[in-house]
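All of these numbers come straight from a predicted model, not from anything done at the bench.
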Amino acid sequence: MENAMGVAGAGAGAGGGAVTTTSADAPSLPPNMTIYINNLNEKIKIDELKKSLNAVFSQFGKILEVLAFKTFKHKGQAWVIFEDVSSASEALKRMQGFPFYEKPMRIQYAKTKSDLIAKADGTFVPRERRKKHDERADRKKREHHHDNNYSGGGLSATHGAYGVTPPLSQLPLGVAKLPEAPAPPNSILFVQNLPTETTPMMLQMLFCQYPGFKEVRMVETKPGIAFVEYGDEMQSTVAMQGLHGFKITPQNPMHVTYAKK
DNA sequence: AGCACA
């Protein structure tokens with residue numbers, strides 16, 4: 001609700017309070033649209049890693065790209081480029097230490113601006129061709145197509161808009177804040193707005209496609225809702241991203257959130 | 001540990 005604190009105070013402890021939000025070990029780089037994540041599980045294949053990162057982080061806002069590499073120097077690290085720096089800040093704060101493939105994520109702001117952003121800025125200078133006389137800005141207004149089309153495998157949800165999809169760039173800046181803090185991740189999902197004729201079997205067919213699926217629970221006395229459990233929060237998050245908005249009937253887009261703890 | 005632009 002009140003995210004007015006922001007992260008502007010890069011240095012902690014304003015006013016002698018024992019504010020140990022970020023102790024001295026946190027470098028506290030200036031905010032950036034891109035977050036840098038390390039301590040990632042290096043055994044995870046790059047493709048899956050990027051997909052899972054996208055799934056886990058897209059709750060904080062539009063993600064323009066997820067980058068990860070398998071070269072030695074870059075193992076266990078990834079960059080998530082958000083459309084909005086406030087999304088990056090929220091992601092950094094809320095997902096710090098999040099258990100991801102058995103390892104707590106370590107998140108910082110990226111040290112430098114991502115190329116994708118620089119290209120949108122017009123400040124992009126290709127580093128491969130570093131000839132000093134090549135200062136002419138090649139003003140090609142090419143649209144960079146960065147649609148992250150992560151088909152979770154299996155049914156594709158017809159979610160027209162998940163969560164915070166409305167293009168923040170088109171909203172007045174003051175209003176473009178995140179709607180509110182998302183519910184804390186939970187391995188159990190809460191599904192709402194189901195058509196009354198929905199059966200547990202129908203839900204199982206949908207949700208069991210996502211890894212880690214354990215079970216569906218429906219509440220007889222309360223039609224239209226269900227609980228779906230996964231092995232861990234990451235798996236449930238992937239399923240949520242995949243199925244939120246899925247329409248069993250045209251007038252019933254599924255509403256999938258984390259269950260309350 | 002390691003900050004890239006597959």
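Heavy-atom nearest nucleotides on DNA chain B were determined for A:F72 and for A:K113, and the one closer to the 5' end corresponds to A:F72.
Screening A:I81, A:D121, A:T34 for a side-chain contact (heavy atoms from CB on, under 4.5 Å) involving A:K113 leaves a single residue, A:D121.
Side-chain atoms of A:Y210 and A:Q235 include no donor-acceptor pair closer than 3.5 Å. Side-chain N/O atoms of A:E48 and A:Y101 include a donor and acceptor closer than 3.5 Å.
Using a 4.5 Å cut-off on side-chain heavy atoms (C-beta onward), A:E229 and A:F213 make no contact.
Salt-bridge formation is detected for the pair A:K261/A:E233: a Lys NZ or Arg NE/NH1/NH2 atom is positioned less than 4.0 Å from an Asp or Glu carboxylate oxygen.
You can see that DNA chain B meets the heavy atoms of chain A within a 4.0 Å-exclusive cut from B:dA1 to B:dA6, reading 5' to 3'.
In this structure, A:K75 reaches the bases: a heavy-atom distance under 4.0 Å links it to at least one base atom across the strands shown.
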